[in-house]
Structure formats: C-alpha cells, structure tokens
Amino acid sequence: MSDLKEPGFKTSDVLSALASVFEKMPDKEKQAQIKKTNGIFQLNVKNSEGKEAVWVIDLKKDGTVTKGPAKKPDVSISLSDDTFIGLADGKVNAQKAFMTGSLKVKGNVMLATKLDGVLKGAKANL
C-alpha cells in the first residue's frame, strides 16, 4: 500500500494501515462493513506546510482506500493532517472539530459521522 503514502502527511500512515485492514478482512466481514457504512468518503487533508493531499475511502462498493479524488464522493471532508490524526487516535471529537471549523463537510453530513466508527473499527483490527 505504499502508493497511499504521501511525504509530509501523517494521515497517509493511518490510511495505509486502514487499507491493509480492509485487504486482510474476510469477505463476509468486509461486505458487512460496506452494508453498514454504504458511502464514499473523500478526505481533503492539508499539512502544516500548506500542501494538500486527497484520499478516498470507498465503503460503498469495494472496501478500499485510494489516493486522489473520487468521481462522485458521498461526502467530502476537509481537515488538517493533525486533526485527522487526532480523530484516528480518538483524541479529537469530530463534532467539536466540525463546530469549531477545523473539520468541514460537503455532502452527506450524516455519513460523515460514520467515519469515526470506521477508523475505530480498523484500529481494533490492527
């Protein structure tokens, strides 16, 4: 999953780990996760140097993580590299980040709330 790595982004390490969790996940479990989530997340992440990178978590069809923009994401989430790491570690509350403007959502806001569960579920399988 080295094609997901982006120099200067801690987010890429987390998403590479998430991708490997999806790859190793038994098909039945992956299909259950896809059915439960049913959405495509586009993450627009900006690092401390002001550079932006984009990743897509597809939990609608394939159960994959890819780099680059999605054709039709259900939700786009814009946030900083540090905010994403905080969310992944459980140190940042997504609702608080949204309310304070450090996390911006376009599209299906209710779907965005499922990202937290996806990250926690993946962390449990690491």
Side-chain angles (χ1 to χ4, degrees):
M1 289 277 91
S2 58
D3 58 333
L4 293 175
K5 296 277 186 177
E6 184 69 37
F9 287 86
K10 295 172 265 185
T11 298
S12 65
D13 295 332
V14 174
L15 292 175
S16 289
L18 180 64
S20 67
V21 166
F22 287 158
E23 277 181 17
K24 294 173 187 158
M25 197 179 273
D27 261 0
K28 194 173 183 178
E29 197 177 323
K30 189 189 282 189
Q31 290 306 318
Q33 181 72 51
I34 288 170
K35 187 176 181 183
K36 183 174 135 187
T37 309
N38 189 30
I40 298 172
F41 302 87
Q42 179 171 302
L43 302 173
N44 305 309
V45 182
K46 195 174 264 187
N47 71 4
S48 56
E49 296 161 15
K51 292 180 183 165
E52 192 169 279
V54 179
W55 289 272
V56 173
I57 301 171
D58 180 342
L59 282 171
K60 195 172 205 169
K61 297 177 189 140
D62 312 323
T64 57
V65 180
T66 54
K67 200 163 102 178
K71 285 182 178 74
K72 281 182 76 178
D74 294 302
V75 64
S76 290
I77 302 171
S78 300
L79 68 174
S80 72
D81 199 25
D82 290 334
T83 301
F84 181 84
I85 295 303
L87 288 172
D89 290 344
K91 293 177 182 160
V92 171
N93 178 301
Q95 287 176 320
K96 193 174 180 183
F98 178 74
M99 295 300 199
T100 59
S102 55
L103 183 152
K104 293 183 174 67
V105 178
K106 281 186 188 159
N108 185 339
V109 177
M110 291 312 292
L111 180 62
T113 63
K114 293 183 179 182
L115 182 60
D116 195 37
V118 170
L119 294 173
K120 284 182 179 146
K123 198 172 184 181
N125 287 318
L126 284 177

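- Side-chain contact between N38 and L59: absent, with no pair of heavy atoms (C-beta onward) separated by less than 4.5 Å.
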(request) Apply side-chain contact (heavy atoms from CB on, under 4.5 Å) to V14 and I85, showing your working. (result) CA-CA 8 Å; V14 174; I85 295 303; 3.6 Å; yes
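- In this structure, I40 belongs to a hydrophobic cluster whose other members, linked by side-chain heavy atoms under 4.5 Å apart, are V56.
- Summarising the hydrophobic clusters (Ile, Leu, Val, Met, Phe, Trp, Tyr; side-chain heavy atoms under 4.5 Å, direct or chained), the residues clustered with M110 are none.
- Looking at every heavy atom in both residues, Q42 comes nearest to A70 through OE1-N, 2.9 Å.
- The backbone N or O of T11 sits less than 3.5 Å from a side-chain atom of D81, completing a donor-acceptor pair.
- Here the side chain of N47 pairs a donor or acceptor atom with the backbone of G8 at under 3.5 angstrom.
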(request) Assess whether side-chain contact (heavy atoms from CB on, under 4.5 Å) is satisfied between L15 and I57, documenting all intermediate values. (result) CA-CA 9 Å; L15 292 175; I57 301 171; 3.9 Å; yes
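- When all heavy atoms are compared, the tightest approach of D74 to L111 is CB-CD2, 3.3 Å.
- Applying the ring-ring contact (aromatic ring centres under 6.0 Å, His included) test to pairs two or more places apart or on separate chains, those with a residue in residues 50-78 are F9-W55.
- Summarising the geometry of I34 relative to G63, their closest heavy-atom pair is CD1-N, 3.6 Å, with the distance given to 0.1 Å.
- More than 12 non-hydrogen atoms from other residues, nucleotides or ligands lie less than 6.0 angstrom from NZ of K60.
- Note that CG of D89 and NZ of K10 are 9.5 Å apart. Values are rounded to the nearest 0.5 Å.
- Counting only distance, with no hydrogens or angles, the side chain of K104 and the backbone of G101 share a donor-acceptor pair below 3.5 Å.
- Panel note: side chain S102, backbone A97; a donor-acceptor pair is recorded below 3.5 Å.
- Contact detail for V105 and A112: the closest heavy-atom pair is CG1-CB, 4.0 Å.
- Atoms CD and OG, from E52 and S78 in turn, are 6.5 Å apart once rounded to the nearest 0.5 Å.
- V54 and L4 fall into different hydrophobic clusters, where Ile, Leu, Val, Met, Phe, Trp and Tyr side chains are chained together by heavy-atom contacts under 4.5 Å.
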(message) Please determine whether side-chain contact (heavy atoms from CB on, under 4.5 Å) holds for the pair I77 and N44, giving the CA-CA distance in whole Å, both sets of side-chain angles, and the decisive distance to 0.1 Å.
(response) CA-CA 6 Å; I77 302 171; N44 305 309; over 6 Å; no
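- Within the structure, the ring-ring contact (aromatic ring centres under 6.0 Å, His included) test picks out no pair touching residues 80-126 (sequence neighbours left out).
- The closest donor-acceptor contact from the side chain of K67 to the backbone of K5 lies under 3.5 Å.
- The shortest heavy-atom contact between A122 and L18 is CB-CD1, 3.1 Å.
- The salt bridge (Lys or Arg N to Asp or Glu O under 4.0 Å) pairs that include a residue from residues 91-102 number zero, where partners must be two or more places apart or lie in different chains.
- In this structure the side chain of V45 reaches within 4.5 angstrom of the side chain of L79, judged on heavy atoms.
- No side-chain heavy atom of T113 sits under 4.5 Å from any side-chain heavy atom of L115.
- Between the side chain of S16 and the backbone N or O of S12, at least one donor-acceptor pair lies under 3.5 Å.
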Give the table of side-chain donor-acceptor pairs shorter than 3.5 Å for residues 26-33, with sequence neighbours excluded, one pair per line with atom names and distance.
unit_1, atom_1, unit_2, atom_2, d
K30, NZ, F22, O, 3.3
Q33, NE2, T37, OG1, 3.0

